[in-house]
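For ligands, and for the atoms within them, numbers begin at 1 and follow the listed sequence.
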Amino acid sequence: MTPITRDQFDDVMMPNYAPGKIIPVRGAGSHVWDQAGREYVDFAGGIAVNVLGHAHPALVEALTTQGQALWHLSNVMTNEPAIELARKLTELTFADKVFFCSSGAEANEAALKLARRHAFVHYGPDKHEIISTLGSFHGRTLFTVSVGGQAKYKEGFEPTPGGISHVPFNDLEALRGQISARTAAVILEPIQGEGGVTPATQAYLEGARQLCDEHNALLIFDEVQCGVGRTGKMYAYQQFGVIPDILSSAKALGGGFPIGAMLCTDAVAPSLAFGTHGSTYGGNPLACAVSLAVLDELTKPSVLDNVTHKAERFRAGLAAINAQFGLFQEVRGMGLLIGIELTPQWHGRAKDIVGAALEEGLMMLVAGPNVLRFAPSLIIPDADIDKGLAHLTAAIANLTGH
Ligand SMILES: Cc1ncc(COP(=O)(O)O)c(C=O)c1O
């Protein structure tokens, strides 16, 4: 067999991604190795996916055990792991009912379709408008790029679905000005992830809840990035004590195995009646078995309780780096979803820092052109936090020449 190289990507893969130079071949915990055997510390977690690191023994065990039992049936049949996982999710959250799919975009697609259908069933076709926020990201299907608040993801794909508007994030008056009897739903990320790791304020989420109630609109929280333990609670809404009608989850829910879920209350679930929606792979037994193992691990007290401690270690390390180089304007986020906004002189250069960090042996992320992002494993050992931050220090020293 011809050896696989990065150059071959451009020969045979669509150009919609531009992956880095190395090809990772193996991972364990918060470490990844490339083809040449070079080791990297992973602060990216597959963009907030590998919530328990790489090759966690409990997840490997769940996947291999289920792999020997039953892979797939279709939704013409149900299966044990799907029901067990749905039961667990309803125990852990506000939700009464669950719809499974395979990605975050699909979870949001289901949430938005449910919201429209619910309004249609109860109030008629005029109540169909969806209010979203500028800077938000909800996925790459046509409906979700249309609802997302970043124009660049829509360009060239128009005409997009109608009845969607965008208001500034964390601006309750703007939401109050937009919401009306025609609003079917308001969709928010409790922490805007791709938009720059910006948490909602308490008053904003509380106000949004109240406005939705006043206008018979549903409140959807997109927790695809900030959910599943990342903030130190199972879902971010639990940090705020503001309860949505619908919640979308994916990414970390499978710890690296594709799964998405839409969670909702009994008050709205009947609107997605038999035959109105579906997905071939939704509720796949392999995905559900792995996700159950993820939730079992995360609900061990030591895991979520440690998120705050680990986040403090990251923040202390970042403060020390900033004392040396003065590149960071603000460190924000919640728990182990950390955003680092660069000073104006470094605007547009987040990518350069991520590239330099990779050279030093650290995988990390950007969130837009001006913000660095960490979304590591929630069980990353302290020693790996220190090691990764030392790599970041070396990378910045190289870039700044200090
Ligand atoms: C908040 C949010 N919603 C939805 C998505 C889309 O998820 P997926 O890429 O699994 O479709 C993402 C992905 O980054 C996200 O961060």
Query raised in the report: Taking non-hydrogen atoms only, is Arg140 closer than 4.0 angstrom to ligand 1 via side chain, backbone, both or neither?
Result: neither

**Report entry** Residue portion contacting ligand 1 (non-hydrogen atoms closer than 4.0 Å) for Lys251
**Finding:** side chain

Report summary line: shortest atom 8 (P) of ligand 1-to-protein heavy-atom contact is with Gly104 N, 3.5 Å

Requested in this report: Please determine, by modelled atom types, if Thr93 and Tyr235 share a side-chain donor-acceptor pair under 3.5 angstrom.
Outcome: no

Query raised in the report: What atoms of ligand 1 come closer than 4.0 angstrom to any heavy atom of Glu189?
Result: 1 (C)

Report summary line: Here the atoms of ligand 1 under 4.0 Å from any heavy atom belonging to Ser103 are 10 (O), 11 (O)

**Report entry** Test of ring centre spacing under 6.0 Å for Tyr281 and His72
**Finding:** yes

Report summary line: Honestly, for His138 the part within reach of ligand 1 (heavy atoms, under 4.0 Å) is backbone

Query raised in the report: Do NZ/NE/NH1/NH2 and the carboxylate oxygens of Glu359 and Lys21 come within less than 4.0 Å?
Result: yes

Report task. Report yes or no: does a heavy atom of Gln192 sit under 4.0 Å from some atom of ligand 1? Result -> no

Query raised in the report: Below 4.0 angstrom, N of the basic side chain to O of the carboxylate: do Asp305 and Lys300 qualify?
Result: no

Report summary line: Near Val224 (heavy-atom distance under 4.0 Å), the atoms of ligand 1 are 2 (C), 3 (N), 4 (C), 5 (C), 7 (O), 12 (C), 15 (C)

Query raised in the report: To which protein heavy atom is atom 16 (O) of ligand 1 closest, and what is the distance rounded to 0.1 Å?
Result: Gln225 NE2, 2.8 Å

Query raised in the report: What protein heavy atom sits nearest atom 3 (N) of ligand 1, and how far away is it?
Result: Asp222 OD2, 2.7 Å

Requested in this report: Any atoms of ligand 1 less than 4.0 Å from a non-hydrogen atom of Asn108? List them with their elements.
Outcome: 3 (N), 4 (C)

Report task. Under 4.0 Å, heavy atoms only, figure out whether ligand 1 is touched by the backbone of Ala105, its side chain, both or neither. Result -> both

Query raised in the report: Are any of the side-chain nitrogens in Glu173 or Arg176 under 4.0 Å away from the carboxylate oxygens of its partner?
Result: yes

Query - Distance flag, aromatic centroids of Phe169 and Tyr204, threshold under 6.0 Å - result: yes

Report task. Determine, counting only non-hydrogen atoms of the protein, whether one lies under 4.0 angstrom from atom 14 (O) of ligand 1. Result -> yes

Requested in this report: Say whether Gln324 and Thr393, considering side chains only, have a donor N or O and an acceptor N or O under 3.5 Å apart.
Outcome: no

Query raised in the report: Are Gln329 and Asn370 close enough that a side-chain donor and a side-chain acceptor fall under 3.5 Å?
Result: no

Query raised in the report: Charged N to carboxylate O under 4.0 angstrom, Asp10 versus Arg6?
Result: yes

Requested in this report: Under 4.0 Å, heavy atoms only, figure out whether ligand 1 is touched by the backbone of Ile47, its side chain, both or neither.
Outcome: neither

